[in-house]
Student: 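Take this structure, written in structure tokens, and hold onto it; I'll ask about it next.
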Amino acid sequence: MSEGRFREVPHYDYTILVPAVALLVIGLVVVYSASAHLALYRIGDSYFYLKRQAVFALIGIGFMVAAKNIKVSFYEKMVYPLLILSLMFLIMVLIPGLGHKAGHASRWISLGFFSFQPSELAKFALVLYLAQSMAEKKSEMAYFSRGLIPHLAVAGIFLMLVVVQPDLGTAVILGTWVMMLLFVGGVRIRYLVLLFIASAPVLLWLVLRASYRMKRIFAFLNPWDDPRGIGFQIIHSFLAFGSGGVTGAGLGDGKQKLFYLPEPHTDFILSVAAEELGFLRLICIMGLFILVVYRGISVSLKARDLYSCYLALGISSMMGIQVLINMAVVMGLLPTKGLTLPLMSYGGSSLVMTLFGIGVLLSISSQAKKG
Amino acid sequence: MISSDFDPLSEEILKSRLSKARLIVIALFAVLLVQLWLIQIAWGPIFRRQSEGNRIQQRDITPFRGVIRDRNGDILAGNRPSYDIYVVPKEVGDRVELADKLSSLTYMDSDSANERLKWASKRSSYKPVCIKKDISRDELAVLEAHRFNLSGLLVEAKPVRYYLYGSLGSHLIGYLGEISEKELRSGKYPDNKAGDMIGKAGVESAWQHMLTGVPGTERLEVDAAGRIIRVLSRKAPESGQSLWLTIDRRLQSLADKALEEKKGAIVAMEPATGRILAMASSPSFDPNVFVEGVGQDTWSRILKSEGYPLQNRVVSGQYPPASVFKIVLALAGLDKGIISPEDEIFCSGSYHLGGHEFRCWKKGGHGAVNLHRAIVESCDVYFYNLGRKLGVDVIASYARRLGLGAQTGIGIGGEKQGLIPTRAWKLKRVGEVWHPGETMSVSIGQGYVSATPLQIVRMVSAVFNGGILYRPQIALHIENAAGEKTHVFQPVKEGEIGISKKAISVVRDAMIGVVNEPRGTGSKGISKEFVAAGKTGTAQVVRISRERSEGEGDQSELAPELRDHAWFAGIAPADDPKIAVAVIIENGGHGGRVAAPLAGELFSAYLGSK
């Protein structure tokens, strides 16, 4: 009885909440600094992106608080409806007229006031499905037919829809992440190795087929070969990091964001932070990210049941992979791809869904096993 | 259902695999940390030096705005270079010294130069900021000669709009203005950014998307003073497409001249297609004033100036059509069979209804008049009688058939629809029932009735082209940068007036009489080398003036703003219509004496040139 009441008390896992909110706030400041010039130039209002991002942050916090107060068992009923809904959105994006193109890819659905990115919802639907299904199968996960095939089939459909958008980068990330979850869930390592070997030629073919992907990869391998062309982004990101030095050029005084860095407020936000805040503060930012991800995985270790465990792992590892890949890209360790930095980059769908995920983590943590 | 208990075996595997996953994450972050240290600290100074020496600038290249031509290919709106002075604030050594130099080399005085430099340094440090637009050729030559003494200063050329004939057809062509924040956010201008000039009125606005072109970009290597050393990469801008208009420059210029020193509008249309040949509105303006953007002062001066020069009176001027409206009643009466051409009515000079006296403009009266004479001599009493028989709602239904009371769909901004009153309209809008006396006013095109000159010219065209209402057309075709026609605009039939051929033919004969019979109200000022037709109108401005004075009487003792509006709507040649014209001169006096001769000039010029 007393233990039951104890559980009812709203308990926030501050090891996750505090760093997440700190990153959110730092993100808002850097988004403003990074986008002010661009917004003044494009829209004529230097606060344009800041204002929108602030609204998204508030909506996201609302979602986070709501998710914290929803018991995770609630999502069990939502798995299949959500799976179908997000599949529908992913297909809608591809239909001309419904989907909204940015650049050459159709990744958005326009909802009047803002555009919504269905792949963000798809990620969440996929994590719910995998967590529930893997928890149900338990030790059967070791079998090829029960543990691997159904999960691979569902994830495969999603991946294919993302590839044709075309958004190969997100597809690769999703694929890596699914493999990681399956590994933790108990699928035999040799199956996973086989899967990796089998998917390599497909990946290679997809890259060779599109010339811009080849270009990106070559630019990554040697940016200085073509400093005015595709290597431009990476070089200027390096210059931003280098100019920042130990203590940074000072907030607002970065130079690379002034039309040298492409999309300084979205994908390359970390470069702007590096130039203006410097090495020491950047280490703090990385530390905050590590804290959230590490604690997220720890929550899964202490979860009350297998389903919550997989859910927490899925959410925190998805965030971890995105953070790692975005950072690796801006630091020149991976080819450029359109991937935002969770919690910091400008972008509504991503921010709202990330904060929602953190809410779910908080909820799992508050219902965790004691000790 | 999921058990809350862990399977002991899988829990073992799970825990070990989770711990491994956690380790992998830490290891990967460690790799990133090493890379961060490398690029920010170890190699940092190298990158920093490169960044400081980085004199690469990315700039947009303004595309050429599409050229606007008349129907014969004469350029009406093209582009000219504008030389603008830019400054790179970080590269300016001594601001006061530079301001002094600027004042000695250009027409800027040193105080305002200093002010602009200060303003620029607040806006940006590395990017060039424009401090003076559109300098003269003399200033340009001097600056170029001294360029190596002027650190941080550069001059750039960009194309700006140039209207070759100044105010010619300015209401039709329109003008440019700086894109507003609201327009930018609307998402309707994907190729534009803050500071761009976009079409704000007329053709420039209606065809903005086609005329604007796509900006290019170039990456430039510049020296310490911001001067271009070489172009590293360049994506050429795409020029906007050219638009050929239906107007004839010579005729347009004649129409503009006819309105000089007057307030009013002239519109000429090809009756068989609905293509606009000329569209003039006065007072007018020179759109060249707007091409580089205008300050708040200039704007408010223009907006407040007398006669609303920015208003296009052809599409948005709503005037009582006066006696021109008798065409509607005549067609309605004949088509309904209420009157026959032979029926005569006795005009004693006035008409009595409900204790009120409604006068004819001719004090002594016209005597016995049939329809033909009533139109030729514009007898009011005849039409009071006819209007009484038709009733206001029948009049309104015929007016609508002839295209009045609704927009013509010309597609240039600010079109008004005029007003054709009905009983229901008055009850709804005014909240009162219709009085029979008001039908009398409507019968002679006064009272609530109003129409735009464009509606009137289209109505006259329809009477003479076999009853077809065309949508007024201003664009002939679109041409791409290579000079190929990419789209040809075909005439669009909006509908047919649906009035019997016999009725139309009677009214046409009468309209020929207006111009060609000795007693016709429009018999003066139109050449007899061809057979023209038309109808005059004299719209009362002040209601109290009970005297109607078409054709005779003198208003010169009246204050200018109390004088009548002069109307003429006509067509030539009557047997093979080539041109229809509507003229309104505000406070001009009598339609026959003032407006008809102006239409006559256009007829002669257009038919003479063919």
Side-chain angles (χ1 to χ4, degrees), chain A residues 37 40-45 48 73 76 132 135-136 138-139 141 180 183-186 228-229 232 235-236 238-246 255-256 258-260 274-275 278-279 282-283 286 289-290 293-294 297-298 300-301 304-307 309 313 317 320 323-324 327-328 331-333, chain B residues 1-7 9-11 13-15 17-22 24-26 28-29 31-33 35-41 43-52 54 56-60 123-127 178-181 184-185 187 192-195 219 221 232-233:
Chain A
H37 278 81
L40 189 66
Y41 183 69
R42 279 194 196 155
I43 314 282
D45 171 12
F48 181 73
S73 52
E76 285 174 47
Q132 192 191 37
E136 222 173 44
K138 279 192 277 189
S139 54
M141 284 299 292
M180 207 209 87
F183 162 71
V184 175
R228 315 286 171 241
F232 191 79
I235 289 177
H236 284 282
F238 281 153
L239 297 190
F241 275 91
S243 313
V246 181
K255 192 175 143 190
Q256 297 300 326
L258 304 173
F259 312 100
Y260 294 125
E275 184 176 13
F279 180 70
L282 217 58
I283 288 186
M286 271 174 90
F289 273 118
I290 293 172
V293 174
Y294 189 89
I297 299 176
S298 305
S300 78
L301 266 169
R304 62 192 297 194
D305 54 37
L306 202 51
Y307 166 65
C309 163
L313 177 69
S317 59
V323 171
L324 280 166
M327 288 188 174
M331 292 187 205
L333 291 173
Chain B
M1 192 57 209
I2 295 161
S3 144
S4 62
D5 298 314
F6 285 93
D7 182 327
L9 182 75
S10 52
E11 190 178 2
I13 300 172
L14 182 72
K15 283 213 164 156
R17 288 191 175 183
L18 266 179
S19 311
K20 274 182 204 152
R22 209 158 50 169
I24 293 169
V25 168
I26 298 293
L28 289 174
F29 270 110
V31 171
L32 283 183
L33 210 63
Q35 173 77 352
L36 180 66
W37 179 79
L38 277 176
I39 60 175
Q40 198 152 28
I41 306 295
W43 306 331
I46 307 170
F47 288 138
R48 201 171 316 141
R49 255 196 310 281
Q50 279 193 11
S51 170
E52 276 155 11
N54 192 340
I56 299 166
Q57 286 178 356
Q58 184 168 321
R59 288 185 205 169
D60 282 357
R123 284 186 69 89
S124 166
S125 43
Y126 295 99
K127 247 186 100 68
E178 195 172 323
I179 189 165
S180 71
E181 222 178 285
L184 275 168
R185 285 178 190 205
N192 293 103
K193 57 176 194 308
R219 290 198 180 125
E221 193 174 333
L232 298 168
S233 71

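All chains are named by letter (A, B, ...) in the order of the sequence lines, taking the proteins before the strands, and each is independently numbered beginning at 1. The structure displayed is predicted, hence computed values, not measured ones. When reading the values below, keep in mind they use all heavy atoms of this one structure, side chains included, and skip hydrogens, waters and symmetry mates.
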Student: Applying side-chain contact (heavy atoms from CB on, under 4.5 Å) between B:Arg22 and each of A:Leu313, A:Ile297, A:Val293, report the one that passes.
Tutor: A:Ile297

Student: Let's go through A:Leu324 and B:Val31 carefully: what are the C-alpha distance in whole Å and the side-chain angles of both, what is the deciding distance for side chain to side chain contact (heavy atoms under 4.5 Å, CB included) to 0.1 Å, and is it a yes or a no?
Tutor: CA-CA 10 Å; A:Leu324 280 166; B:Val31 171; over 6 Å; no

Student: With a 4.5 angstrom heavy-atom cut-off, which part of B:Leu18 approaches chain A: side chain, backbone, both or neither?
Tutor: both

Student: Measuring heavy-atom distances to chain B, does A:Ser73 have an atom under 4.5 Å in its side chain, in its backbone, in both, or in neither?
Tutor: neither

Student: What are the two closest heavy atoms between A:Phe238 and B:Gln35, and how far apart are they?
Tutor: CE2-NE2, 4.3 Å

Student: I'd like to verify something: which residue of B:Asn192, B:Ile24, B:Asp60 has the highest number of heavy-atom pairs under 4.5 Å with chain A?
Tutor: B:Asp60

Student: Looking at B:Leu36, B:Leu38, B:Ile179, B:Ile46, which one has more heavy-atom pairs under 4.5 Å with chain A than the rest?
Tutor: B:Leu36

Student: For the candidates A:Gly244, A:Ser298, A:Gly185, which exhibits the highest count of non-hydrogen atom pairs separated by less than 4.5 Å from chain B?
Tutor: A:Ser298

Student: Please classify the contact of B:Ile26 with chain A as side chain, backbone, both or neither, using a heavy-atom distance under 4.5 Å.
Tutor: side chain

Student: Kindly indicate whether the side chain of B:Leu184, heavy atoms from C-beta on, has any atom under 4.5 Å from the side chain of A:Asp45.
Tutor: no

Student: Nearest 0.5 Å, please: how far is CG in B:Leu33 from CE in A:Met286?
Tutor: 4.5 Å

Student: Nearest heavy-atom pair of A:Val323 and B:Phe29: which atoms, and what distance?
Tutor: CG1-CZ, 3.8 Å

Student: How far does CE of A:Met180 sit from NZ of B:Lys20, to the nearest 0.5 angstrom?
Tutor: 12.5 Å

Student: Who are the side chain to side chain donor-acceptor pair (under 3.5 Å) partners of B:Arg17, not counting sequence neighbours?
Tutor: none

